[in-house]
Structure formats: structure tokens, C-alpha cells
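Notes follow once the structure below has been shown.
Chain identifiers are assigned alphabetically (A, B, ...) following the order of the sequence lines, protein sequences preceding nucleic acid strands; residue numbering begins at 1 within each chain. Worth knowing before you read on, the calculation uses all heavy atoms, side chains too, and leaves out hydrogens, waters and symmetry mates.
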Amino acid sequence: MQAELRHQLGSRGTEDADAATTVADSWLVAGRRTEERERLLTSSTWLLGKTSRQWALVLRFAVLPQTIAEPWPLGGTVQTSLAFPLGLYLQRALPQGDGIISMPPPEPAGAEALTEILQRFAAALAVQPFLRSIPFLSLLRPDPSGTRLVDSNSRMLPWRCHDSEALLVETICAHRHTLMCGEWDGLAIRLLAIADGQQWLGLTNNPGS
Amino acid sequence: MNVDPLITCSLLGSARMATLPAAPTPELQTIWQAIERETENPAAAILQALALTRALHFAGTQATLDAETIAVCPDESQPFISAGAVQAGRRMLDGEYQELMPEWFQQCIDTGAVVPHRLLPALLNHATRHPQLREATREICGQRGYWLARRHPAFAWVLEAAPVDDDAWDSELPAERLAWLRQTRVADPQKARAAILAQWDGETPAMRQAIVQLIAARPAPDDEDFLESHALLDRRQEVREPALAGLLQIPGSRLLQRACGRLGQHVHIQRRLFRRFISITPPAAFQPEWTADGIKAKPPQGTGEKAWWLRQVAAMVPLAAWPALLQVQPDELFTLSLDDEWAETLVLGWIDAAQRVPSLGLATHALPFFAGLDPWPKPAPVRTQVLAALLDQLPVAQQYALLESIHDLAAPAVMLDLLCRMTQAPAPGTAPKSLRLVRSAIQQARFAMTRPQARALARCVPVAAIQAELMSLAALPEINSAAEEFAATLEFRKLICQESNPPPHPP
């Protein structure tokens, strides 16, 4: 129970690393969001292992006015090992070094259909009922109302976003299925990044940069 | 009202609970029994049951089927602007150095590239708020910009210059209808006129105004009947005024003939000793038929009736028609003496005429006259506004040449106001007086330039002279805030110009 709590809270104690599963892979830096709560900045970066197909969440913290130095650019691929502390559902990971970074163009390998994401979420909840959300990589487009995202099987799920984000995503997609990274929390999708041509564009911080 | 028995138990306290409420679905029946069997603490049992219910709820979402389809946007055929140009554009759209936007647009247009899609929403939103940038925006927004404009009414202005289908006049989108009108007026003016007439009575006031403005921007002789018989009779001043301006631009139009005939009764050239001057006789009475031509009988407060009528009669004749009317050369018109009593009224009429039809404003002759006019008539619009309207009719090189010619006539403040409005720099070496004035204004505290003015003046420095200008600023012993802003803006201009040079990357 203590280990699970530490896993959920994001402790970086050495005991976590000791009792961990290590996965070496080429990791796509698929999505990132930064939140501030009571002067504590928390950066959550989602990585997807190209070979292992394992999702990993790397948390970084800073107290304002400090900023978080992100060693891995969004859309980059990092060759490194990640240690997954033991827990009911492996998600949180500790990087074992900054690794070697490359910036390949976005590719849809690892993209899931919406029904696959729902199944994965259901399975994950069965293991860890307190799980809040899971990340995904999928080929999607907004529906004409701009409130749902549709996959290539014409299946759609609710999408939570600001008007400016909806317009940006609509502009980039232009009604074509486009590679996106986001989170599904059981109620709605929240997008974190989208492929704009040859570039991977963050949606939660500084959109359009 | 909460009906979940688990929540009710949590609120009332687990002490009152003998057993767990029934499982909400049959799937949870087995695990419900396990919780009751293995959990001694009732509070923990409720929490476990709640967690399972929540998990069931979240895991049970199903993806619905989408049946709606809309047109996919075609691929871009043009390349995208360079990454550096994107970055500069993003900074300006975020509020930095917005005075340099026209130059950035021009650089983008010159490369034949379009903006990447991620920049489009911000760009279209900006041009929606700044109509003067719309024409340039249409050139760099690419296929995606047009596609987006068809889906978002706020961006419909993009479509005003787009090629449209032949049935677009019957569309519900005003922008598409105006695009059709613009397109058809070139290809088949007769058809365009017939279409306007067929629907004129049912048009909204805004559409009527837009149609007349479109025609008045480039009126053809065949537009006269429509402008005079329909637009000029409209109830709204916003429709009548462009109709009037349009009719006055049509050579030999009936309105122009009436206006010239009317004016000819009140002004003529006389000779006194060796000088020629314009003799002015104001109208003795208001003629009822003048109302149809837009002349108002009742003067504003503080203006005499005759002066008011004379001003309007004079303003009805474009400045370009005056030399023929008075049988003088265009360069002679503004050197003639004026009848003292009515001089200011006539000048007010000239100012109004220049504002109403600036394209026929004899800019090269009228601008030096208006620039040196002292005192500027109180009831007239702001001097800079009048001068700017005339300047805008000329190409940039001529604008700077004219500014050089009036440099000694106009007050430095007026010159600086005009230079602040210039959106392009002169060719190197062609505007030395203007640049000297800019340098003085930036470096000398007595001009008290604001930061926005300093940024605007930085547009007047030719690209080739930016480095030298920065070096001269760096050599100053002391630098004020305006000079700082001026230097920073020049640095940014350098960046924009450098970014337009690298070859654009493909889409």
C-alpha cells in the first residue's frame, strides 16, 4: 500500500528505484502538460516505448519562480532506460539518464483506435480502480460540432478543450485524421499534442509555437 | 437530489449501515459479496464499493458513431514560410512590434509562400480585428485559410476575393456574394448589374452598403443609373455617401455635371491689377433640388447658412475637376488668391472634396497647399487625416518624394505624424530630409516621442541603412526610451528581412 501511495504521489525516493522494473527502449516524447498549484509547478511528460509499447509518465517539479528544465523536446525520441517503481499499474517512471535525443518526423506507429483505448482503460481500471486517466496516441479529427473527436472507424468520444484549441486542431486537421496524443479520463479526451506536418505541436502550453 | 445509496450511507455515517446497499449492476454482484465478507470496517467497505462503481462507470463508456461528413481541405500547392518567419510572425501576433506586420506580410508574399497551419487561427483572428491587413492575409493564408473561412462566419471576409461558382450570388454568405460580384463585374459587368438590380429591394442595409462601396471603389460609366436611381435614394447615409463618391468619379456623370454647373455660378476667376484670384459669391438661397444631390439645407450650430451651402457646393466637385472649371492649370489652382470673406469656406470645401474623393484629389498639388495652410480651419477634419488620405493615393516612392517637397512647409509635428503612418521604407537615398527628421525626433528629447511612435518611425529606415542607423544610435552618449524602442524595432526588422531570404521549406 505504501509503495502504491508513493507511486501515485510521485516520490523519488531511492527505494523506488531499487524496487523497480527497468525498460530500455526508444521513447517518443508524445505529450506534456505543466500545471501550477500553490506555487508548485508539475510537468507531466508522457513517453511511449517504440518497441515495448509501454507508456511511461515522467514527473518533474519546481517551486515558482523557478522553472522546469525539460531535457526532452516534445516530439523527440529518447534512447534511454526508464525505471518503473512497483505498483498496481505501471505508469510512473524514473529516467535513468538524459539519453540520446533525435527528432524524427511524427509517425503513426503505436496509434490506437478509440475502442482500443477504451478497452485499455477498462483493463487498467480493473487493476488500479483509482487510476485517473491513460495516455494515448491516435489518428483523430474533430467532428463538425468541435466537441468530439472521431477516429478512422468513425467512432467518436467527447473532447474537452478551449475554443482556441478547438480552432487550432480543426485548422491543422482540416477534416483529415491526424496523429494526436492525449489523455482519456473516462469522461472526455484532453489533447496534449498534435502532428502538424513534420512537427509535433504541444497544445497545452504555448499553442502555435 | 442524490439517489446513490452508497453516497447516502457515506453522508449519514457507516454506523447506521447493517449491510452494503445492493450492487448497482449484476456484474458487481460477486465482488460486492466479497467486500462484505472480507472487509470488517464498514467505512472501508463503502469506499471500496464506491471505487468499484466509479471504475465501472468510467470503464463503461462506449464510442458513438459519427455520421456527419464535411469537405476535406485540398493540399497546399505553395510552400510554407521559413521557421524564422513563423517565429517572427508569432511574436507580432502575440503583440510585439505589430507596426511591422505590413512589412512581414510583404516579405511572406514576396517569397510566394503561405503560413503553416498552426499559425492560421491567430493570423485570421488578428486580420479580423485589423481590416487593413485582410488583403495581405488572403495572399498568405493558403487553401487552409479559405477552407476555414467557409466554416467560420467570423472569417468569411477571406472569401470576398476568392474565385467562386457562378451560383454564388444566391448563396447565404455575404462574403461569397461579394466575391461573385467582384468577379462578375470584371468578367460580365452587365450580368453583375442585372443581378444587383434584381435583388436590391430585398438586400439588408449592411449588404447594400457593401455593394455600393464595392462599386464606388472602381465605378464604371454604366454604373451611373444604378448609383443615381437606387443607391443615392437609399434611406441610409452610409449607402448614399459612397454612391455620391462613386458618381463623382464617373467622368461626365449627370451628378458631376450638376455639381460643376452649380459651382460655376458661385466661383470664377477675376483679375485684379496683375493678379488673378478666385472670386466667390455664396448661394443666396437653398434650392430644393439640391437635397437629391446630398446637400443639406440646415447648417450645423455656429455656421452661417450661406457659408454652409457654399462649403457643400464646393465639396461636391472633386479637386481634379476644378482646373477645367476655372480654366487654370492644376499647379496654378492652389496658388491663386481667394476672396477674403469666403476664403476659409472655400478651403473647407476643398478639404471636404479631398476627403470625399481622394483619388481625384490632385494629391501632388493639394498636399503641399494643405500642409502649409496656416491657420488650419477649425471646422475641418484633422490635418494629418486629410493629408494621409491624399498620400494614400500614391505609390510609396511618390509619397516620400511628396513628403520631401513639403518638408519645409509643414510643421515638424505634422511631418512626423505622416511619417508614422508610412508602412514601407523609401528606396535608399531618396528621402534624406525625412530620415534626418526621424533621426532628430528619436534622438532629441524635445520631440517627446512615445514608444509606439518610435516603433512606427522605425519603418521609415531603408533596410540597407538599418545597420548604420543602429551604429549611430550606439555611439550616442545617452539614449532615451524612444531611441531604445526605435533601436529594438530596427533589430526586429533586420530579423524579419533576414528570415525572408532563406529558401522556404516544402509543405
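For B/Gln87, no part lies under 4.5 angstrom from a heavy atom of chain A. Contacts between B/Leu52 and chain A at a heavy-atom distance below 4.5 Å are absent for every atom of the residue. Only the side chain of A/Leu157 comes within contact range of chain B, judged by heavy atoms closer than 4.5 Å.
Here A/Thr171 contributes atom OG1 and B/Leu120 contributes atom CG; the two are 6.0 Å apart, rounded to the nearest 0.5 Å.
Among A/Val150, A/Asp196, A/Ile194, the residue with the largest count of heavy-atom pairs under 4.5 Å with chain B is A/Asp196. For chain B, the option among A/Thr115, A/Leu167, A/Asp185 with the highest count of heavy-atom pairs below 4.5 Å is A/Leu167. In terms of non-hydrogen atom pairs under 4.5 Å with chain B, the most contact-rich of A/Ala174, A/Cys173, A/Gly197, A/Gly186 is A/Ala174. Interface remark: of the candidates B/Val72, B/Thr64, B/Thr61, B/Thr64 forms the most heavy-atom pairs closer than 4.5 Å to chain A. When each of A/Ser154, A/Ser145, A/Ala122, A/Pro158 is scored by its heavy-atom pairs under 4.5 Å with chain B, the top score falls to A/Ser154.
Proximity to chain B at a heavy-atom threshold of 4.5 Å picks out nothing from residues 104-113 of chain A. For a heavy-atom cut-off of 4.5 Å, chain A lies close to B/Asn125 in residues 124-133 of chain B.
B/Arg118 places no side-chain N or O within donor-acceptor distance of the main-chain N or O of A/Gln199, the cut-off being under 3.5 Å. A donor-acceptor contact shorter than 3.5 Å links the side chain of B/Arg144 to the backbone of A/Ile172.
The heavy-atom pair separating A/Leu114 from B/Ala63 by the smallest distance is CB-CB, 4.4 Å.
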Given the rule in the side-chain contact (heavy atoms from CB on, under 4.5 Å) test, do A/Glu170 and B/Trp147 qualify, once you have shown the distances and angles that lead to the verdict? CA-CA 11 Å; A/Glu170 181 190 4; B/Trp147 180 86; 4.1 Å; yes
Going through the checks in order, is the side-chain contact (heavy atoms from CB on, under 4.5 Å) test met by A/Arg155 and B/Gln62? CA-CA 9 Å; A/Arg155 293 280 167 185; B/Gln62 297 222 333; over 6 Å; no
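Within a 6.0 Å radius of CG in A/Leu187, more than 12 heavy atoms belonging to other residues, nucleotides or ligands are found. Atom CD of A/Glu35 has more than 12 neighbouring heavy atoms from other residues, nucleotides or ligands inside a 6.0 Å radius. Remark: B/Asp110 CG is packed, more than 12 non-hydrogen atoms of other residues, nucleotides or ligands lying under 6.0 Å away.
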